[in-house]
Student: 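A single structure is presented below for examination.
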Amino acid sequence: MSEEKSLNFLEEIIEEHLKEGRYTSIVTRFPPEPNGYLHIGHASSICLNFGLTKKYPGYTNLRFDDTNPDTEDTEYVDSIKADVRWLGFEWKHERYASDYFDQLFEFALKLIDKGLAYVDESSSEEIASMKGSPTEPGRNSPFRDRTIDENRDLFLRMKNGEFPDGSRTLRAKIDMAHINMLMRDPILYRIKRAHHHRTGDKWCIYPMYDFAHGQSDSIEEITHSICTMEFVPHRELYDWLIEKLGIYPSHQYEFARRNINYTVTSKRKLLQLVNEGHVTGWDDPRMPTVSGLRRRGYTPESIREFCERIGIAKRDNLVDVGLLEFCVREHLNRIALRRMVVLNPLKLVITNYEQGEEMLTMDNNPEDVSAGNREIPFSAELYIEQEDFMEEPPKKYFRLAPGQMVRLKSAYIIRCEEVVKNPDGSIRELRCVYIPESRSGHDTSGINVKGTLHWVSARHAIKAEVRLYDRLFRVEDPTDEEGDFKEYLNPASLVTVEGAFAEPSLASAGHHDRFQFIRNGYFVLDSSATPETLIFNKTVSLKDGWTRPKTDK
RNA sequence: UGACCCAUGGUGUAAUGGUAGCACAACAGAUUUUGGUUCUGUUUGUUAAGGUUCGAAUCCUUAUGGGUCAACCA
């Protein structure tokens, strides 16, 4: 395989820059605002930014864009750092836009001195009404032509807390008729008396995104500042400010954010789901957050692989969540320990098994012999899955039915002899006979069966709660539907099975273990589980290749 | 009725003027003590119309479709 993997458009740009000597190494940054938890879309950006400096010489900073103290909090800072590390990346410098507040203030003064910024006393509504529209030019503020001295004095007094919140702003003096709305004298600073998670009450004025992000990039000498497409119009202002300030020329490049079907990736919407109790928290296993995926049992490897496969481009997209599921199955298939767990038990009695019990050997992972074997107890009273038995089976039903034979995984072949019912007609238990010569690994019976079932020994089984998850929304793109997106939540996104029976070895399951419950799916111990109460989360189902007959849904 | 960004199978992404490829999904078959895994094969695509060229997914024009922009959010 000497075939070079094709480059995405950013790698092409960087290789060109490196080749022509514009840079000898690159610096990128991942710039979250600490006002929410990271989600799968951020994971894509993290893999991109950190991946680029893994592939090319250079490094990546983690920089918190903390210029709006109203919504930001250290809780988010901590979760973001944990998530980036869990994904497998380490930043060079941990920085905060708030580290630069003094310098940003000086930058603002510099702009004022150059006659490129002014203090405006218009109200928020007045500024909006003077802004014009995409098709109509705006109007100049009556405060636009103050002298430099006046602006300097006023801005200092803004900083010193002499004016009430919202009463004044510092604006760049560009062009109120500019075709780009962002160039119509954008607000640079606002007055806001809010406690900042890092600078406390030192400041009562805070810079806006446009006056913090690019300047922070410049201070850190970021070479390639990568963001999403909605910032394309900001680039003109980004470049204007850097040029007028005469500071290090970072450059902004944009890519299309990744969207995934059957979920939402908007911090605002995710926050709503949390606050309104539609999920149990940011780390609810149904959430597309990094912490949710982690609790659900996803591995960092599988998430990185997913990000690699979906790639980077500039067009709108809606990625099939099936690809994410494929990636996690692919990884878990290699590493997960196979275990037997019966979710909906049906009692099965082997009438001709007279030796009480015995231990049978079973592979821990057929994909990995080094995972070894274990012993599992077998006895005359077992549980199998309710859905593995049908009294009147359709054609091609390989499971148990009256008179039909199946193999019990790693044990014996059995034949169903009798169905014992309760007074209400429901099935109480199955009575079967086993074929003694068919023991797994020592089968001399010569019998071939199509189906193999998982099972647990009734006497030895341990109880477990199993949480089954399905997609959070019923529709591919909840944001695109009529009305509130929450109307499209999937009511069956969580199904809790309380009375599952697990094989005894699961009593010692650890939080880092990954399991495949045979014939069912991949599972992980929930973070809330204790040695006394086993709780498992379903990460993802096994692929189901069985095309059921039409009568059966 | 403005500006900007984007347009390749069902989905995501390659092809950088010269054979439209890869992955997922779907379907069919083989193997299988997990209806899993693995293996083999099949179906499906350049938004449209003009132009440039020996040759266009690629360059040009127009149209169409989608997205973004009028927060003291980022």
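Per chain, numbering begins at 1; letters A, B, ... match sequence-line order. Only heavy atoms go into these numbers, but all of them, side chains included; no hydrogens, no water, no symmetry mates. All values reported here derive from a predicted model rather than from experimental measurement.
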Student: Within the 4.0 Å heavy-atom criterion, would you say A/F398 contacts the bases, only the backbone, or no part of the nucleic acid?
Tutor: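 Base, at least one base heavy atom under 4.0 Å.
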Student: Please classify the nucleic acid contact of A/I179 as base, sugar-phosphate, or nothing, using heavy-atom distances under 4.0 Å.
Tutor: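 Answer is sugar-phosphate: A/I179 comes under 4.0 Å of backbone atoms only.
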Student: Looking across every strand, which nucleic acid part, if any, lies under 4.0 Å from A/L453 by heavy atom: base, sugar-phosphate, or nothing?
Tutor: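 A/L453: no heavy atom of the nucleic acid under 4.0 Å.
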Student: Touch check for A/E33, heavy atoms < 4.0 angstrom, all strands: base, sugar-phosphate only, or nothing?
Tutor: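 Sugar-phosphate contact only.
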Student: Between B/U47 atom P and A/D316 atom CG, what is the distance in whole Å?
Tutor: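 Distance check: A/D316 CG to B/U47 P gives 15 Å.
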Student: Identify whether any heavy atom of A/H234 sits under 4.0 Å from a base atom; if not, whether one sits that close to sugar-phosphate; answer base, sugar-phosphate or nothing.
Tutor: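 Base: the residue A/H234, judged by heavy atoms under 4.0 Å, touches a nucleobase.
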Student: Please classify the nucleic acid contact of A/F231 as base, sugar-phosphate, or nothing, using heavy-atom distances under 4.0 Å.
Tutor: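 It contacts base atoms.
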Student: Looking at A/R519, does any N or O in its side chain come under 4.0 Å of the phosphate oxygens OP1/OP2 on B/G35?
Tutor: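 Answer is yes, contact under 4.0 Å.
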Student: Rounded to whole Å, how long is the line connecting atom CG of A/L332 with atom P of B/U34?
Tutor: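 From A/L332 CG to B/U34 P: 19 Å.
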Student: Given B/C5, B/A74, B/G12, which nucleotide is nearest the side-chain atoms of A/R258?
Tutor: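 Selected nucleotide (nearest to the side chain): B/G12.
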Student: Choose from B/C6, B/A74, B/U34 the nucleotide whose nearest atom is closest to any side-chain atom of A/T452.
Tutor: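 Closest nucleotide to the A/T452 side chain: B/U34.
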Student: For A/F378 and A/Y353, take the angle between the two ring planes, folded into 0 to 90°, and tell me which bin it lands in: parallel under 30, tilted 30 to 60, perpendicular over 60.
Tutor: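 Judged by the thresholds at 30° and 60°, the geometry between A/F378 and A/Y353 is perpendicular.
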Student: Check the orientation of A/F501 and A/Y383. Use parallel for under 30°, tilted for 30 to 60°, and perpendicular for over 60°.
Tutor: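 Rings of A/F501 and A/Y383: parallel, as their planes differ by under 30°.
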Student: Distance check needed: B/C72 C1' versus A/R168 CZ, whole Å only.
Tutor: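 It is 14 Å, rounded to the nearest whole Å.
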Student: Does A/L323 reach a base, just sugar-phosphate, or nothing at all? Heavy atoms under 4.0 Å.
Tutor: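 Counting heavy atoms under 4.0 Å across all strands, the contact made by A/L323 is with sugar-phosphate only.
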Student: Compare the minimum distances between each of B/G12, B/U37, B/U34 and the side chain of A/K543, then state the nucleotide with the smallest one.
Tutor: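 For A/K543, the side-chain atoms sit closest to B/U37.
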Student: May I ask you to establish whether A/K159 and A/F105 are in a cation-pi arrangement, using a distance under 6.0 Å from NZ or CZ to the six-membered ring centre and at most 45° from the ring axis?
Tutor: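 Judged by the rule, A/K159 and A/F105 form a cation-pi pair.
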Student: What distance, rounded to whole Å, do you find between the two P atoms, one in B/U44 and one in B/A20?
Tutor: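 One P to the other, the span is 15 Å.
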Student: Fit a plane to each ring of A/W282 and A/Y37, take the angle between them on a 0 to 90° scale, and name the class: parallel (under 30°), tilted (30 to 60°) or perpendicular (over 60°).
Tutor: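 Parallel, since the angle between the ring planes stays under 30°.
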Student: Validate the cation-pi geometry between A/R198 and A/Y96: distance from NZ or CZ to the six-membered ring centre under 6.0 Å, angle to the ring axis within 45°.
Tutor: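 Flagged: A/R198 positioned over aromatic ring of A/Y96.
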Student: When we call it a touch if two heavy atoms are under 4.0 Å apart, what does A/P32 touch: a base, just sugar-phosphate, or nothing?
Tutor: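 The answer is nothing, as A/P32 stays clear of every strand by at least 4.0 Å.
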Student: RNA chain B: A/V232 or A/S123, which has the more 5' nearest nucleotide?
Tutor: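 In this pair, the answer is A/V232.
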Student: So, is A/R139 close to the B/A70 phosphate, meaning a side-chain N or O under 4.0 Å from OP1 or OP2?
Tutor: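 Checking B/A70 against A/R139, no side-chain N or O comes under 4.0 Å of OP1 or OP2.
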Student: Using the P atom on both, measure B/U58 against B/U53 and round to a whole Å.
Tutor: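 Roughly 16 Å separates the two P atoms.
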Student: Take atom C1' in B/C27 and the same atom in B/G65, then report the distance between them in whole Å.
Tutor: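 Taking atom C1' in both B/C27 and B/G65, they lie 31 Å apart.
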Student: Given atom OH of A/Y96 and atom C1' of B/A74, what is their separation to the nearest angstrom?
Tutor: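 Value for this atom pair: 17 Å.
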Student: Indicate, with a heavy-atom threshold strictly under 4.0 Å, whether A/S122 touches base, sugar-phosphate, or nothing.
Tutor: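 Base, at least one base heavy atom under 4.0 Å.
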Student: Determine the Euclidean distance between corresponding C1' atoms of B/U61 and B/A25; express it in Å to zero decimal places.
Tutor: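 That atom pair is separated by 38 Å.
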Student: State which of B/G35, B/C6, B/C72 makes the closest approach to the side chain of A/M208.
Tutor: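 Among B/G35, B/C6, B/C72, the one nearest the side chain of A/M208 is B/C72.
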Student: Can you check whether A/W546 stacks with the B/G35 base, using ring centres under 5.5 Å and planes within 30°?
Tutor: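 Taking the rule of under 5.5 Å and under 30°, the ring of A/W546 does stack on B/G35.
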Student: Looking at B/U64, which nucleotide sits across from it as a Watson-Crick or G-U wobble partner, both distances under 3.5 angstrom, or is there none?
Tutor: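 WC or wobble partner is B/A7.
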Student: With a non-hydrogen cut-off below 4.0 angstrom, is A/I413 in contact with a base, only sugar-phosphate, or nothing?
Tutor: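 Nothing: the residue A/I413, judged by heavy atoms under 4.0 Å, touches no strand.
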Student: Between A/R315 (CZ) and B/U8 (P), how many Å, whole number?
Tutor: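 Checked: the CZ to P distance equals 5 Å.
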Student: Given B/C73, B/G12, B/U33, which nucleotide is nearest the side-chain atoms of A/N68?
Tutor: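 Nearest nucleotide to the side chain: B/C73.
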Student: Any chance the side chains of A/S141 and A/D120 put a donor and an acceptor closer than 3.5 Å?
Tutor: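 There is such a pair between these side chains.
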Student: Check the distance between B/G12's P and A/N259's CG and give it to me in whole angstrom.
Tutor: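 Taking atom P of B/G12 as the reference, CG of A/N259 is at 10 Å.
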Student: The side chain of A/P366 lies closest to which of these nucleotides: B/C69, B/C5, B/U34?
Tutor: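 Of all the options, the side chain of A/P366 is nearest to B/U34.
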Student: I'd like to know whether the aromatic ring centres of A/F536 and A/F517 sit less than 6.0 Å apart in this structure.
Tutor: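 Under 6.0 Å, so yes.
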Student: Nearest to the side chain of A/P134 - B/C69, B/A74, B/A25?
Tutor: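 In terms of side-chain proximity for A/P134, the closest of B/C69, B/A74, B/A25 is B/C69.
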Student: Compare side-chain N and O positions of A/R334 against OP1 and OP2 of B/U38 and report whether any pair is under 4.0 Å apart.
Tutor: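 Looking at the OP1 and OP2 atoms of B/U38, neither is under 4.0 Å from any side-chain N or O of A/R334.
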Student: Please give the distance between the P atoms of B/C72 and B/G2 as a whole number of Å.
Tutor: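 Going atom to atom, P in each nucleotide, I get 26 Å.
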Student: Starting at atom NZ of A/K192, determine the distance to atom P of B/A71, rounded to an integer number of angstrom.
Tutor: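 In whole Å, B/A71 P and A/K192 NZ are 15 Å from each other.
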Student: Which nucleotide in the list B/U34, B/A14, B/C72 gets nearest to the side chain of A/K409?
Tutor: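 For A/K409, the side-chain atoms sit closest to B/U34.
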Student: What's the closest nucleotide to the side chain of A/R399 if the choices are B/C72, B/U37, B/G35?
Tutor: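 Of B/C72, B/U37, B/G35, B/G35 is nearest to the side chain of A/R399.
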Student: Across the strands shown, which category fits A/Y397 at heavy-atom distances under 4.0 angstrom: base, sugar-phosphate, nothing?
Tutor: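 If one applies the 4.0 Å heavy-atom cut-off, A/Y397 turns out to touch a base.
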Student: Within the modelled atom types, does a donor on one side and an acceptor on the other bring the side chain of A/Q516 and the base of B/U34 under 3.5 Å apart?
Tutor: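 Such a pair is found, so the answer is yes.
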Student: Given the side-chain rings of A/Y206 and A/F101, with only the six-membered ring counted for Trp, is the space between their centroids under 6.0 Å?
Tutor: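 Yes, the ring centres sit under 6.0 Å apart.
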Student: Pick the C1' atom in B/A48 and in B/U8, then give their distance to the nearest Å.
Tutor: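 One C1' to the other, the span is 15 Å.
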Student: In terms of side-chain heavy atoms of A/M181, which of B/G2, B/C69, B/C72 is nearest?
Tutor: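 Among B/G2, B/C69, B/C72, the one nearest the side chain of A/M181 is B/C69.
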Student: How would you label the contact of A/R309 with the nucleic acid (heavy atoms, under 4.0 Å): base, sugar-phosphate, or nothing?
Tutor: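 Here A/R309 touches the backbone only, sparing every base.
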Student: Identify whether any heavy atom of A/T67 sits under 4.0 Å from a base atom; if not, whether one sits that close to sugar-phosphate; answer base, sugar-phosphate or nothing.
Tutor: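 A/T67: backbone/sugar contact only, no base atoms under 4.0 Å.
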Student: Can you check the distance between B/A3 and B/U42, where both ends of the measurement are the P atom (answer in whole Å)?
Tutor: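 49 Å, rounded to whole Å.
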Student: Of A/I414, A/L346, A/D388, which is the lone residue that meets side chain to side chain contact (heavy atoms under 4.5 Å, CB included) with A/L400?
Tutor: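 For A/L400, the side chain to side chain contact (heavy atoms under 4.5 Å, CB included) check succeeds only for A/I414.
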Student: Classify A/E136 by what it touches in the nucleic acid, base, sugar-phosphate, or nothing, heavy-atom distance under 4.0 Å.
Tutor: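 Counting heavy atoms under 4.0 Å across all strands, no contact is made by A/E136.
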Student: Between B/A7 and B/C60, how far apart are the P atoms? Round to whole Å, please.
Tutor: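 Approximately 13 Å lies between the P atom of B/C60 and that of B/A7.
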Student: Measuring to OP1 and OP2 of B/A74, would you say a side-chain N or O of A/R268 lies under 4.0 angstrom away?
Tutor: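 Result: no.
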Student: With a 6.0 Å cut-off on the ring centroids, do A/F473 and A/Y262 count as close?
Tutor: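 Distance test on ring centres: not under 6.0 Å, no.
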Student: For A/N317 and B/G65, what is the distance between atoms CG and P respectively, to the nearest whole Å?
Tutor: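 The answer, rounded to whole Å, is 22 Å.
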